[in-house]
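Here is the structure we will look at, set down as C-alpha coordinates.
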Number of protein chains: 2
Amino acid sequence: MTESRSDALRPREIAVPVPDRFDAQLWFIGRIHTPWKSRGECPRRGDADNGPECRIEVFHPWAAGLAGIAKHQRVQILYWMHQARRDVMMQNPNYGDVATGTFALRSPVRPNPVASSIVRLLAVDGPILTVRGLDCLDGTPLVDIKAEFGATP
Amino acid sequence: MTESRSDALRPREIAVPVPDRFDAQLWFIGRIHTPWKSRGECPRRGDADNGPECRIEVFHPWAAGLAGIAKHQRVQILYWMHQARRDVMMQNPNYGDVATGTFALRSPVRPNPVASSIVRLLAVDGPILTVRGLDCLDGTPLVDIKAEFGATP
(Lines give C-alpha, C1' and ligand atoms only; values in the text may rest on other atoms or scores of the structure.)
Protein backbone atom coordinates (compact mmCIF):
# COMPACT_ATOMS: atom_id res chain seq x y z
CA MET A 1 0.00 0.00 0.00
CA THR A 2 1.22 3.50 -0.75
CA GLU A 3 -1.29 5.45 1.28
CA SER A 4 1.04 8.04 2.74
CA ARG A 5 -1.06 10.74 1.09
CA SER A 6 -3.42 10.91 4.05
CA ASP A 7 -0.98 9.93 6.77
CA ALA A 8 1.53 12.77 6.68
CA LEU A 9 0.49 16.07 8.19
CA ARG A 10 -0.21 18.81 5.65
CA PRO A 11 0.67 22.48 6.21
CA ARG A 12 -1.10 23.98 9.24
CA GLU A 13 -2.36 20.61 10.43
CA ILE A 14 -1.99 19.83 14.13
CA ALA A 15 -1.73 16.44 15.83
CA VAL A 16 -2.13 15.92 19.57
CA PRO A 17 -0.77 13.32 22.00
CA VAL A 18 -3.52 10.77 22.59
CA PRO A 19 -4.48 9.00 25.83
CA ASP A 20 -2.69 5.72 26.39
CA ARG A 21 -5.88 3.90 27.35
CA PHE A 22 -9.14 3.45 25.49
CA ASP A 23 -12.57 3.64 27.11
CA ALA A 24 -14.86 1.32 25.12
CA GLN A 25 -14.73 -1.46 22.57
CA LEU A 26 -16.52 -2.34 19.35
CA TRP A 27 -17.24 -5.49 17.44
CA PHE A 28 -17.05 -5.42 13.68
CA ILE A 29 -20.47 -6.87 12.89
CA GLY A 30 -19.98 -7.17 9.15
CA ARG A 31 -18.10 -5.96 6.11
CA ILE A 32 -18.92 -3.49 3.35
CA HIS A 33 -18.23 -4.36 -0.28
CA THR A 34 -17.75 -1.42 -2.66
CA PRO A 35 -16.03 -0.85 -6.01
CA TRP A 36 -13.25 1.27 -4.46
CA LYS A 37 -9.95 -0.41 -3.65
CA SER A 38 -7.97 2.63 -2.44
CA ARG A 39 -8.83 5.84 -0.65
CA GLY A 40 -7.95 7.85 -3.72
CA GLU A 41 -10.70 6.11 -5.71
CA CYS A 42 -13.46 6.72 -3.17
CA PRO A 43 -15.99 9.42 -4.05
CA ARG A 44 -16.02 12.41 -1.77
CA ARG A 45 -19.58 11.69 -0.76
CA GLY A 46 -21.98 8.81 -1.38
CA ASP A 47 -24.89 9.30 -3.77
CA ALA A 48 -28.03 7.46 -2.70
CA ASP A 49 -29.68 8.13 -6.07
CA ASN A 50 -26.98 7.58 -8.66
CA GLY A 51 -24.06 5.89 -6.91
CA PRO A 52 -23.12 2.27 -7.64
CA GLU A 53 -24.78 -0.61 -5.83
CA CYS A 54 -22.76 -1.78 -2.84
CA ARG A 55 -23.22 -4.81 -0.59
CA ILE A 56 -23.26 -4.92 3.19
CA GLU A 57 -22.54 -8.34 4.65
CA VAL A 58 -23.68 -8.88 8.25
CA PHE A 59 -21.79 -11.58 10.16
CA HIS A 60 -23.17 -14.34 12.35
CA PRO A 61 -24.66 -14.03 15.00
CA TRP A 62 -25.68 -10.46 14.27
CA ALA A 63 -27.67 -11.13 11.09
CA ALA A 64 -30.67 -12.12 13.24
CA GLY A 65 -31.03 -8.40 13.92
CA LEU A 66 -31.96 -7.70 10.29
CA ALA A 67 -35.56 -8.90 10.76
CA GLY A 68 -37.90 -6.17 9.58
CA ILE A 69 -35.20 -4.08 7.90
CA ALA A 70 -36.67 -4.58 4.41
CA LYS A 71 -39.60 -2.30 5.14
CA HIS A 72 -37.23 0.66 5.34
CA GLN A 73 -36.35 2.46 2.13
CA ARG A 74 -33.39 4.20 3.70
CA VAL A 75 -31.18 3.15 6.58
CA GLN A 76 -28.28 4.69 8.47
CA ILE A 77 -24.96 2.84 8.30
CA LEU A 78 -22.13 3.29 10.81
CA TYR A 79 -18.74 1.96 9.78
CA TRP A 80 -15.11 2.08 10.87
CA MET A 81 -12.68 4.11 8.79
CA HIS A 82 -9.87 1.74 9.57
CA GLN A 83 -7.14 3.41 7.55
CA ALA A 84 -7.32 6.89 9.05
CA ARG A 85 -5.04 8.33 11.73
CA ARG A 86 -6.75 9.44 14.93
CA ASP A 87 -4.65 12.21 16.43
CA VAL A 88 -5.16 15.12 14.00
CA MET A 89 -7.27 17.92 15.49
CA MET A 90 -6.70 20.64 12.85
CA GLN A 91 -6.98 19.58 9.21
CA ASN A 92 -6.23 21.20 5.90
CA PRO A 93 -7.71 18.87 3.33
CA ASN A 94 -7.36 21.36 0.48
CA TYR A 95 -3.89 22.68 1.39
CA GLY A 96 -5.45 26.09 2.09
CA ASP A 97 -4.31 29.08 4.08
CA VAL A 98 -6.16 27.98 7.18
CA ALA A 99 -6.85 24.64 8.81
CA THR A 100 -10.24 23.60 10.19
CA GLY A 101 -11.02 21.72 13.39
CA THR A 102 -11.71 18.02 12.97
CA PHE A 103 -15.18 18.31 14.51
CA ALA A 104 -16.21 20.91 11.93
CA LEU A 105 -15.47 18.36 9.18
CA ARG A 106 -16.67 14.89 8.18
CA SER A 107 -13.18 13.67 7.24
CA PRO A 108 -12.21 10.08 8.07
CA VAL A 109 -9.40 11.52 10.20
CA ARG A 110 -10.85 11.85 13.73
CA PRO A 111 -10.30 10.41 17.22
CA ASN A 112 -13.00 7.80 16.81
CA PRO A 113 -13.23 7.05 13.09
CA VAL A 114 -16.90 6.06 13.02
CA ALA A 115 -18.51 7.23 9.78
CA SER A 116 -22.23 7.67 9.29
CA SER A 117 -24.06 7.47 5.97
CA ILE A 118 -27.71 7.38 4.99
CA VAL A 119 -28.17 4.87 2.16
CA ARG A 120 -31.01 3.68 -0.01
CA LEU A 121 -31.87 0.04 0.73
CA LEU A 122 -32.43 -1.82 -2.55
CA ALA A 123 -32.59 -5.47 -1.47
CA VAL A 124 -32.19 -7.81 1.47
CA ASP A 125 -31.03 -11.38 0.81
CA GLY A 126 -30.39 -13.19 4.09
CA PRO A 127 -27.39 -11.49 5.72
CA ILE A 128 -26.62 -9.36 2.63
CA LEU A 129 -28.04 -5.88 2.03
CA THR A 130 -27.72 -4.21 -1.34
CA VAL A 131 -27.60 -0.42 -0.97
CA ARG A 132 -26.79 2.76 -2.84
CA GLY A 133 -25.09 5.80 -1.33
CA LEU A 134 -21.84 4.60 0.24
CA ASP A 135 -18.45 6.18 -0.38
CA CYS A 136 -16.09 3.94 1.59
CA LEU A 137 -13.30 1.52 0.76
CA ASP A 138 -14.00 -2.07 -0.20
CA GLY A 139 -13.62 -4.19 2.93
CA THR A 140 -14.63 -1.45 5.37
CA PRO A 141 -15.74 -2.88 8.75
CA LEU A 142 -19.41 -2.44 9.63
CA VAL A 143 -20.30 -1.04 13.07
CA ASP A 144 -24.09 -0.58 13.00
CA ILE A 145 -27.25 -0.40 10.91
CA LYS A 146 -30.17 1.72 12.14
CA ALA A 147 -33.60 2.68 10.89
CA GLU A 148 -33.26 6.13 9.36
CA PHE A 149 -33.79 9.22 11.52
CA GLY A 150 -37.49 9.77 11.84
CA ALA A 151 -38.44 6.49 10.16
CA THR A 152 -39.54 4.84 13.40
CA PRO A 153 -40.46 6.37 16.72
CA MET B 1 -30.10 2.27 40.40
CA THR B 2 -33.15 0.17 39.58
CA GLU B 3 -32.73 -0.08 35.84
CA SER B 4 -33.77 -3.69 35.35
CA ARG B 5 -36.60 -2.46 33.14
CA SER B 6 -34.38 -2.46 30.07
CA ASP B 7 -32.06 -5.28 31.05
CA ALA B 8 -34.40 -8.29 31.28
CA LEU B 9 -35.58 -9.81 28.02
CA ARG B 10 -39.23 -9.09 27.19
CA PRO B 11 -41.54 -11.62 25.51
CA ARG B 12 -40.31 -12.67 22.06
CA GLU B 13 -36.94 -10.97 22.50
CA ILE B 14 -33.86 -12.94 21.49
CA ALA B 15 -30.29 -12.61 22.76
CA VAL B 16 -27.28 -14.18 21.05
CA PRO B 17 -23.89 -15.36 22.30
CA VAL B 18 -21.38 -12.62 21.54
CA PRO B 19 -17.75 -12.96 20.37
CA ASP B 20 -15.21 -13.13 23.16
CA ARG B 21 -12.92 -10.59 21.51
CA PHE B 22 -13.54 -7.06 20.36
CA ASP B 23 -12.19 -5.58 17.12
CA ALA B 24 -11.66 -1.86 17.75
CA GLN B 25 -11.47 0.66 20.54
CA LEU B 26 -12.87 4.08 21.29
CA TRP B 27 -11.88 7.03 23.40
CA PHE B 28 -14.56 8.94 25.24
CA ILE B 29 -13.71 12.44 24.02
CA GLY B 30 -16.15 14.28 26.25
CA ARG B 31 -19.30 14.11 28.30
CA ILE B 32 -22.89 15.16 27.64
CA HIS B 33 -24.87 17.05 30.27
CA THR B 34 -28.67 16.75 30.06
CA PRO B 35 -31.59 17.15 32.49
CA TRP B 36 -32.32 13.39 32.53
CA LYS B 37 -30.92 11.30 35.38
CA SER B 38 -32.48 7.91 34.53
CA ARG B 39 -33.43 6.15 31.32
CA GLY B 40 -37.10 6.38 32.22
CA GLU B 41 -36.92 10.18 32.20
CA CYS B 42 -35.29 10.49 28.78
CA PRO B 43 -37.55 11.63 25.94
CA ARG B 44 -38.10 9.09 23.22
CA ARG B 45 -36.51 11.36 20.67
CA GLY B 46 -34.61 14.65 20.88
CA ASP B 47 -36.30 17.83 19.71
CA ALA B 48 -33.92 20.28 18.05
CA ASP B 49 -36.56 23.01 18.07
CA ASN B 50 -38.24 22.78 21.45
CA GLY B 51 -36.14 20.45 23.60
CA PRO B 52 -34.17 21.76 26.58
CA GLU B 53 -30.69 23.17 26.20
CA CYS B 54 -27.99 20.58 26.87
CA ARG B 55 -24.23 20.97 27.20
CA ILE B 56 -21.52 18.96 25.49
CA GLU B 57 -18.14 19.11 27.21
CA VAL B 58 -15.15 18.17 25.05
CA PHE B 59 -12.11 16.93 26.97
CA HIS B 60 -8.46 17.90 26.53
CA PRO B 61 -6.68 17.35 24.11
CA TRP B 62 -9.65 16.93 21.76
CA ALA B 63 -11.15 20.41 22.23
CA ALA B 64 -8.64 21.76 19.70
CA GLY B 65 -10.78 20.03 17.07
CA LEU B 66 -13.70 22.41 17.71
CA ALA B 67 -12.11 25.24 15.67
CA GLY B 68 -14.63 26.36 13.07
CA ILE B 69 -17.58 24.49 14.57
CA ALA B 70 -19.48 27.68 15.43
CA LYS B 71 -20.27 28.37 11.80
CA HIS B 72 -22.51 25.30 11.71
CA GLN B 73 -26.11 25.68 12.80
CA ARG B 74 -26.58 21.94 13.17
CA VAL B 75 -24.05 19.23 13.96
CA GLN B 76 -24.15 15.47 14.25
CA ILE B 77 -23.32 13.99 17.65
CA LEU B 78 -22.21 10.39 18.21
CA TYR B 79 -22.35 9.10 21.77
CA TRP B 80 -22.06 5.88 23.71
CA MET B 81 -25.21 4.41 25.24
CA HIS B 82 -23.28 3.00 28.15
CA GLN B 83 -26.17 1.46 30.06
CA ALA B 84 -27.58 -0.76 27.31
CA ARG B 85 -27.02 -4.49 26.87
CA ARG B 86 -25.40 -5.49 23.59
CA ASP B 87 -26.56 -9.02 22.80
CA VAL B 88 -30.27 -8.59 21.97
CA MET B 89 -31.00 -9.10 18.26
CA MET B 90 -34.82 -9.22 18.35
CA GLN B 91 -36.55 -6.56 20.43
CA ASN B 92 -40.10 -5.99 21.58
CA PRO B 93 -40.06 -2.49 23.03
CA ASN B 94 -43.84 -2.23 23.21
CA TYR B 95 -44.53 -5.78 24.46
CA GLY B 96 -46.32 -6.53 21.17
CA ASP B 97 -47.18 -9.74 19.37
CA VAL B 98 -44.04 -9.66 17.27
CA ALA B 99 -40.46 -8.62 17.90
CA THR B 100 -38.38 -6.50 15.49
CA GLY B 101 -34.75 -6.91 14.52
CA THR B 102 -32.33 -4.59 16.28
CA PHE B 103 -31.09 -3.09 13.00
CA ALA B 104 -34.64 -2.06 12.04
CA LEU B 105 -34.79 0.04 15.24
CA ARG B 106 -32.89 2.93 16.79
CA SER B 107 -33.06 1.49 20.31
CA PRO B 108 -30.01 1.90 22.59
CA VAL B 109 -29.87 -1.90 22.75
CA ARG B 110 -27.50 -2.96 19.94
CA PRO B 111 -24.11 -4.66 19.51
CA ASN B 112 -22.24 -1.38 19.28
CA PRO B 113 -24.27 1.17 21.25
CA VAL B 114 -23.22 4.24 19.28
CA ALA B 115 -26.12 6.68 19.02
CA SER B 116 -26.36 9.42 16.42
CA SER B 117 -28.34 12.64 16.78
CA ILE B 118 -28.56 15.82 14.77
CA VAL B 119 -28.67 18.80 17.13
CA ARG B 120 -29.02 22.54 16.83
CA LEU B 121 -25.84 24.32 17.90
CA LEU B 122 -26.73 27.32 20.06
CA ALA B 123 -23.37 28.41 21.47
CA VAL B 124 -19.70 27.52 21.68
CA ASP B 125 -17.73 28.60 24.76
CA GLY B 126 -14.23 27.11 24.71
CA PRO B 127 -14.64 23.34 25.09
CA ILE B 128 -18.39 23.58 25.87
CA LEU B 129 -21.12 23.42 23.24
CA THR B 130 -24.70 24.34 24.09
CA VAL B 131 -27.14 22.42 21.90
CA ARG B 132 -30.79 21.51 21.57
CA GLY B 133 -32.09 18.13 20.37
CA LEU B 134 -30.51 15.47 22.56
CA ASP B 135 -32.43 12.71 24.32
CA CYS B 136 -29.72 10.90 26.29
CA LEU B 137 -28.87 10.43 29.95
CA ASP B 138 -26.90 13.00 31.89
CA GLY B 139 -23.26 11.92 31.88
CA THR B 140 -23.41 10.10 28.54
CA PRO B 141 -19.93 9.65 27.01
CA LEU B 142 -19.23 11.58 23.80
CA VAL B 143 -17.75 9.71 20.82
CA ASP B 144 -17.72 12.24 17.98
CA ILE B 145 -18.96 15.58 16.65
CA LYS B 146 -19.30 16.05 12.88
CA ALA B 147 -20.48 18.76 10.56
CA GLU B 148 -24.05 17.87 9.59
CA PHE B 149 -24.71 15.70 6.53
CA GLY B 150 -24.53 17.93 3.52
CA ALA B 151 -23.27 20.96 5.43
CA THR B 152 -19.75 20.68 4.06
CA PRO B 153 -18.45 18.81 1.03
Side-chain angles (χ1 to χ4, degrees), chain A residues 14 16-19 21-29 44-45 58 60-72 75-76 78 80 82 86-91 98-106 110-114 116-118 141 143-153, chain B residues 14 16-19 21-29 44-45 58 60-72 75-76 78 80 82 86-91 98-106 110-114 116-118 141 143-153:
Chain A
I14 294 173
V16 297
V18 301
R21 296 190 54 174
F22 287 97
D23 299 298
Q25 296 182 293
L26 297 176
W27 289 298
F28 292 159
I29 63 166
R44 183 129 181 176
R45 187 190 303 181
V58 179
H60 176 83
W62 314 113
L66 293 172
I69 193 89
K71 75 176 179 196
H72 294 283
V75 293
Q76 184 178 9
L78 301 186
W80 188 255
H82 57 304
R86 300 177 63 171
D87 61 343
V88 182
M89 289 298 102
M90 294 291 291
Q91 300 183 46
V98 291
T100 301
T102 290
F103 302 125
L105 298 168
R106 293 182 69 84
R110 49 209 319 113
N112 295 308
V114 177
S116 165
S117 288
I118 303 289
V143 170
D144 200 10
I145 301 170
K146 299 178 193 287
E148 189 191 11
F149 294 108
T152 53
Chain B
I14 294 173
V16 298
V18 301
R21 294 190 54 175
F22 288 97
D23 300 298
Q25 297 182 291
L26 298 176
W27 289 298
F28 293 158
I29 63 166
R44 183 126 181 177
R45 189 188 301 180
V58 179
H60 176 83
W62 313 114
L66 292 173
I69 193 87
K71 76 177 178 195
H72 294 283
V75 293
Q76 183 178 10
L78 301 185
W80 188 255
H82 58 302
R86 301 176 64 170
D87 60 343
V88 182
M89 288 299 102
M90 295 291 291
Q91 299 183 46
V98 292
T100 301
T102 291
F103 302 125
L105 297 169
R106 294 182 69 84
R110 49 209 320 113
N112 295 308
V114 177
S116 165
S117 289
I118 303 288
V143 169
D144 200 10
I145 300 170
K146 299 178 192 288
E148 190 191 11
F149 294 109
T152 53

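Residue numbering restarts at 1 for every chain, and letters A, B, ... go by the order of the sequence lines.
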Look only at the side chain of A:Asn112 and the backbone of B:Phe28, and say whether a donor-acceptor pair between them is shorter than 3.5 Å. no
For A:Trp80, is it the side chain, the backbone, both, or neither that has a heavy atom closer than 4.5 Å to a heavy atom of chain B? side chain
Minimum heavy-atom separation for A:Trp62 to B:Pro19, with atom names? CZ2-CD, 3.3 Å
Is it the backbone or the side chain of A:Gln91 that comes under 4.5 Å from a heavy atom of chain B, or both, or neither? neither
Find the one option among A:Met89, A:Arg110, A:Gln25 whose heavy-atom pairs under 4.5 Å with chain B are most numerous. A:Gln25
May I ask you to name which of B:Val98, B:Val88, B:Val58, B:Leu66 has the most heavy-atom pairs under 4.5 Å with chain A? B:Leu66
State, to 0.1 Å, how close A:Ile69 and B:Phe103 come at their nearest heavy-atom pair, and which atoms those are. CD1-O, 3.0 Å
Examine whether an atom of A:Leu78 lies under 4.5 Å from a heavy atom of chain B, and if so say whether it belongs to the side chain, the backbone or both; otherwise answer neither. side chain
Can you tell me if B:Arg106 uses its side chain to pair, donor with acceptor, with the backbone of A:Ala147 under 3.5 Å? yes
Check side-chain contact (heavy atoms from CB on, under 4.5 Å) between B:Ala99 and all other residues, then give those that pass, not counting sequence neighbours. B:Arg12, B:Met90, B:Asn92
Kindly give the heavy-atom pair with the smallest separation between A:Pro17 and B:Pro61, and that separation in Å. O-CG, 3.4 Å
Shorter than 4.5 Å, heavy atoms on both sides: which option in A:Arg21, A:Gln76, A:His82 has the most such pairs with chain B? A:Gln76
If you count heavy-atom pairs under 4.5 Å with chain A, which of B:Ala70, B:Gly68, B:Ser116 comes out on top? B:Ser116
Side chain, backbone, both or neither: which part of A:Val75 has a heavy atom under 4.5 Å from chain B? neither
If you count heavy-atom pairs under 4.5 Å with chain B, which of A:Gly101, A:Gly65, A:Ala67 comes out on top? A:Gly65
Most contacts with chain B, counted as non-hydrogen pairs under 4.5 angstrom, among A:Pro111, A:Ala64, A:Ala63, A:Pro113: A:Pro111
Residue B:Arg86 versus chain A: region with a heavy atom under 4.5 Å: both
Per-residue tally against chain A (heavy atom, under 4.5 Å) across B:Leu26, B:Ile145, B:Thr102, B:Asp144 peaks at B:Leu26
